[in-house]
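Single-structure report; data block below.
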Amino acid sequence: MLSRRLLLAPVLAGLLLVTASCTNPFAPSSGVPDSAAVAPEVKTSVEQYAAKVNARDAIGAGEFYAEDPGFHWVEDGRTVYQNRAEAITGLTNFLAGFSESHFEVYDIKIVMLDDDCAVATSKFTQTIAANAQASLKFEGVVSFAMAKRDGTWKIVSGHKSANALPH
């Protein structure tokens, strides 16, 4: 009888290990938001930001900029704004300098880093004109490092690069 118990103990331990290995202890619980469900929120924020720029609302567009000590904005390989206030002032001056401006974002791709942090990358086309003169058209890529702050998605860092000289 003792030998049966000694034989049964390793078998039971083995079955326990097999059962434990079939479950994922790191699987997300049902209370954690699904990153795939969060991605459309980020895309919508990018589209709303572009809509504010097209409405010539620099202050409204600036609401999408995070009040963050690390905030910065890079264009064509150089940092043009070191903080949120500079970026809002720069956008205000840009819009004041061009009577016509249209900023279109398309082919938006979202990479969720976690449920409160994402990278959004998009192609863009921007057409500008001043005083009904000939317009210039830029095309390129814009990327945003975004974080969810106070329930809304904010741009912590922006990078915009044109493909070539305007045409």
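Quantities reported herein were computed from a predicted structural model and do not represent experimental measurements. Throughout, residue positions are numbered sequentially from 1 according to the sequence presented.
Looking at Arg149 and Asp68, a side-chain N of the basic residue comes within less than 4.0 Å of a carboxylate O on the acidic one, giving a salt bridge. A salt bridge links Asp107 to Lys109: one of the charged nitrogens lies within less than 4.0 Å of a carboxylate oxygen. The pair Lys52-Glu47 fails the salt-bridge criterion, with no side-chain N (NZ, NE, NH1 or NH2) lying under 4.0 Å from an Asp/Glu carboxylate O. A salt bridge links Lys137 with Glu139: the closest approach of a Lys/Arg side-chain nitrogen to an acidic carboxylate oxygen falls below 4.0 angstrom.
Inter-residue side-chain proximity for Thr44 and Val42 is flagged as unmet; no heavy-atom pair is nearer than 4.5 Å. Side-chain atoms of Met146 and Val46, non-hydrogen and from C-beta on, do get closer than 4.5 Å to each other. Looking at Phe124 and Glu104, their side chains never come closer than 4.5 Å, going by heavy atoms from C-beta outward.
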Practice task
Quick one: do Phe64 and Thr152 satisfy side chain to side chain contact (heavy atoms under 4.5 Å, CB included)? Show the steps, please.
Solution key: CA-CA 8 Å; Phe64 287 90; Thr152 60; over 6 Å; no
Exercise for the section: Just do the side chain to side chain contact (heavy atoms under 4.5 Å, CB included) check on Glu63 and Arg84 with the steps written out, would you? Expected result: CA-CA 9 Å; Glu63 291 298 316; Arg84 179 179 184 268; 3.7 Å; yes
Exercise for the section: Before giving the answer on side chain to side chain contact (heavy atoms under 4.5 Å, CB included), spell out for Gln126 and Lys160 the whole-Å C-alpha distance, their side-chain angles and the decisive distance to 0.1 Å. Expected result: CA-CA 11 Å; Gln126 186 164 24; Lys160 184 174 152 190; 2.5 Å; yes
Practice task
Check the pair Val53 / Leu91 against side chain to side chain contact (heavy atoms under 4.5 Å, CB included), numbers first and verdict last.
Solution key: CA-CA 8 Å; Val53 171; Leu91 183 56; 4.1 Å; yes
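The two residues Ala147 and Val156 have their closest heavy-atom pair at CB-CG2, 3.8 Å. Here the shortest heavy-atom pairing between Ile88 and Gly62 reads CG1-CA, 3.6 Å.
Distance check, rounded to the nearest 0.5 Å: CZ of Phe103 to CG of Leu95 gives 11.0 Å. To the nearest 0.5 Å, atom CG of residue Asn83 and atom CZ of residue Phe71 are 8.0 Å apart. Here the OG1 atom belonging to Thr92 is positioned 10.5 Å from the CZ atom belonging to Arg56, to the nearest 0.5 angstrom. With values rounded to the nearest 0.5 angstrom, Ser45 atom OG is found 10.5 Å from Ile108 atom CD1. Note: Leu136 CG to Ser101 OG = 11.0 Å, rounded to the nearest 0.5 Å.
Both Ile59 and Tyr81 belong to a common hydrophobic cluster when Ile, Leu, Val, Met, Phe, Trp and Tyr are linked at side-chain heavy-atom distances under 4.5 angstrom. Val111 and Val142 are members of different hydrophobic clusters when ILVMFWY side chains are connected at heavy-atom separations under 4.5 Å. Residue Phe138 is grouped with residue Phe98 when hydrophobic side chains (ILVMFWY) are merged at heavy-atom distances under 4.5 angstrom, including chains of intermediate members. Grouping the Ile, Leu, Val, Met, Phe, Trp and Tyr side chains by contacts below 4.5 angstrom, directly or via other members, places Tyr65 with Phe94. In terms of hydrophobic clustering, with Ile, Leu, Val, Met, Phe, Trp and Tyr side chains grouped at heavy-atom distances under 4.5 Å, Phe144 and Met112 are assigned to a common cluster.
The aromatic rings of Trp73 and Tyr49 lie tilted to each other, with the angle between the two planes from 30° to 60°.
Within 6.0 Å of NZ on Lys148 lie more than 12 heavy atoms contributed by other residues, nucleotides or ligands.
Under the 3.5 Å distance criterion, with hydrogens and angles disregarded, no donor-acceptor pair is assigned to the side chains of Thr127 and His102. Side-chain atoms of Ser161 and His159 include a donor-acceptor pair closer than 3.5 Å.
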